[in-house]
Structures are given as C-alpha cells and as structure tokens.
Protein chains: 2
Amino acid sequence: MKKMEHHECISKLLPVRDTLDIIGGKWKILILISIWEGNKHFREIERSIPKLSTKVLSSELKDMEANQLITRTVINGFPVRTEYKSTAYSETLKSVIAELHDWGMNHRKKILGK
Amino acid sequence: MKKMEHHECISKLLPVRDTLDIIGGKWKILILISIWEGNKHFREIERSIPKLSTKVLSSELKDMEANQLITRTVINGFPVRTEYKSTAYSETLKSVIAELHDWGMNHRKKILGK
DNA sequence: CCGCATCCGAGTGGATACTG
DNA sequence: CAGTATCCACTCGGATGCGG
C-alpha cells in the first residue's frame, strides 16, 4: 500500500472504525471461531470459551446477528433449543482475520524474539 | 484464504488478539494517522483529534512507543518540546488498516445501502 | 435448555488544575 | 509546551437467580 494522502484519511476512518466495532471486542472473533468449529447451541458456545459469561455472550450474539455474521434459529419443542450458525458472509472476514494474524505473528517476533 | 482447520484455530487466536490490542482501541489508529499526516507535538496531535483528552493521549502514546510504532524525542530548551514521529515499522500496519477499511466499506454497503 | 434481570465492584475515561 | 494528578461519573462485565 502506498503512502496515504491527507484527503484520503478522513474517508478511511469511519469504515475502519466500523470494522473494529464489529470484530474488535474481546470476544467476537472467539465466538465466531467457536461457531466455525461447529458449536451451535448457546451453552456449547459458552462452554467452549473460558471466562465468557452468559450476559456478555448473549449481547455479543445479538450484535453479530444484527451484522449478519450469524443466524439464530429457534427450534420449537421442550426444552427450547436455539441454533446459531455462521453465515456465508462471515467468511469474508477470514481475510481480515488472516491479516491481523500475520501482523500479530510478525510483531511477536519483533518485540519478543531477539 | 481457505477454510480454517480446527487445529489451526488456537494458534491463530493469540496473534490476532495481539494485533487488536495494539490497534484496536478507540484512538490508536486516529493518533497514528494524525502523526502520518505530519503532526509532531503533543498539543498538535491532541488538537487534531476531537474529544481526545490529555490523559488518554498520554497513555496511548506510551503504548505506541512501547510497540515501536512511534518514537518520542525530547528537544531541550524552554519551553520543552517533544517530537513524535512514526516509525518505518508502523508503515507495515497500512496493509492491515487497508483490509479493515475495505471490509468496512463493503459492510456499510451491505447493511445500509439497499 | 435458553437467556434475561438484577445487583454490584472494578476499571475507564472525561474535566480540570497544576508542575516542570 | 508537555504531561501528571485528582476527582468523579459512568460503563463494563462477573455472579447469581429466575422465567419461559
């Protein structure tokens, strides 16, 4: 990527902020990966992520549904079961996550590995 | 990026988290861009970013210096002046930011633009 | 099983004033 | 100018209990 020009900066900020809001929290990527791994139910997801409380999971799942990263389906019956699935759209985040991952790997080497 | 395998997931999480810790806050990218734009001094940077308080700026700059994204140079004299500059290393973040930006742009279109 | 409501403590961040 | 100190409002998130 070449040097950013000043007039480009402002227009870049909002979309960057949007993306960070959507995946930038402490849990969202973990939850997404948990679902990618095959976990479908609330308790399953909760148990797969240490230290994640029901309150936070609940609100994160809502955000993610609003952003179309997952779908939520209630299966009638008793007890009620709910199924969370990742959308095809969520797959488009993989290149973003890959970029974050690569930079983070490299950074570890730079900061720690001497 | 192809589908992630399960055993890859865990190894991906830490570096992703590292990167988000470094650029994921509310201000770090704004500050970096402000410095890229040419702002060098504490007050200059502060004034260029609405709503940013001195306390937060101060602590963000320290983090960023620790992560080698910027350098801090005190220029003797009175009053004291300090010069912040972005490092060559910080430029490596541009591809990450570009990826965040592209995804965010696309997402806006998907969510809002119908 | 799903997941919201409530209570509550700790940490964050803003405003302001002050030192070097 | 650079940055710290202090005070304080507010949010976040953990624990727990309950209703559907």
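All of these numbers come straight from a predicted model, not from anything done at the bench. In the text below, chain A, chain B and the rest are named by the order of the sequence lines, each starting its count at 1.
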- [ ] Compare side-chain N and O positions of A:Thr82 against OP1 and OP2 of C:dC1 and report whether any pair is under 4.0 Å apart.
- [x] no
- [ ] For B:Ile31 and D:dA2, give me the distance from atom CD1 to atom P, rounded to whole Å.
- [x] 14 Å
TODO: Nearest whole angstrom, please: distance from the C1' of D:dA15 to the CG of A:Leu52.
DONE: 14 Å
Open item on the list: From CG of A:Leu61 over to P of D:dG13, roughly how many Å is that when rounded to an integer?
Closed with: 14 Å
TODO: Please report, rounded to the nearest Å, how far the C1' atom of D:dG20 is from the CG atom of A:Asn76.
DONE: 13 Å
TODO: Look at B:Lys62 and D:dT4 and indicate whether a side-chain polar atom (N or O) is within less than 4.0 Å of OP1 or OP2.
DONE: yes
TODO: May I ask you to verify whether the side chain of B:Arg43 and the base of D:dA2 hold a donor-acceptor pair under 3.5 Å?
DONE: yes
TODO: Compare all side-chain heavy atoms of A:Trp103 with those of B:Ile22 and state whether any distance is below 4.5 angstrom.
DONE: yes
TODO: Ignoring backbone atoms, establish whether A:Tyr84 has a side-chain N or O less than 4.0 Å from OP1 or OP2 of C:dG3.
DONE: yes
- [ ] Whole angstrom is fine here: how far is it from CG in A:Leu57 over to C1' in D:dT16?
- [x] 17 Å
Open item on the list: Please classify the nucleic acid contact of A:Lys26 as base, sugar-phosphate, or nothing, using heavy-atom distances under 4.0 Å.
Closed with: nothing
Open item on the list: Which residues pass the side-chain hydrogen bond (donor to acceptor under 3.5 Å, both in side chains) test with B:Arg47, not counting sequence neighbours?
Closed with: none
Task: Atom pair distance, as rounded to whole Å: NZ in A:Lys40 and C1' in C:dC1 - done: 17 Å
Open item on the list: Rounded to whole Å, please give me the gap between CZ in A:Phe78 and P in C:dC1.
Closed with: 11 Å
Let me check something: any side-chain donor-acceptor pairs from residues 25-34 of chain A under 3.5 Å, sequence neighbours excluded? List them with distances.
residue, atom, partner, partner atom, Å
A:Lys28, NZ, A:Glu60, OE1, 3.1
A:Ser34, OG, A:Asn39, ND2, 2.9
A:Ser34, OG, A:Ser48, OG, 2.8

Task: Upstream residue (5' side of DNA chain D) when B:Arg47 and B:Thr54 are each assigned their closest nucleotide - done: B:Arg47
TODO: Taking the side chain as every heavy atom from C-beta outward, state whether A:Glu83 and A:Arg72 have any pair of such atoms under 4.5 Å apart.
DONE: no
TODO: Send over the distance from A:Trp27 CH2 to D:dG13 C1', rounded to a whole Å.
DONE: 10 Å
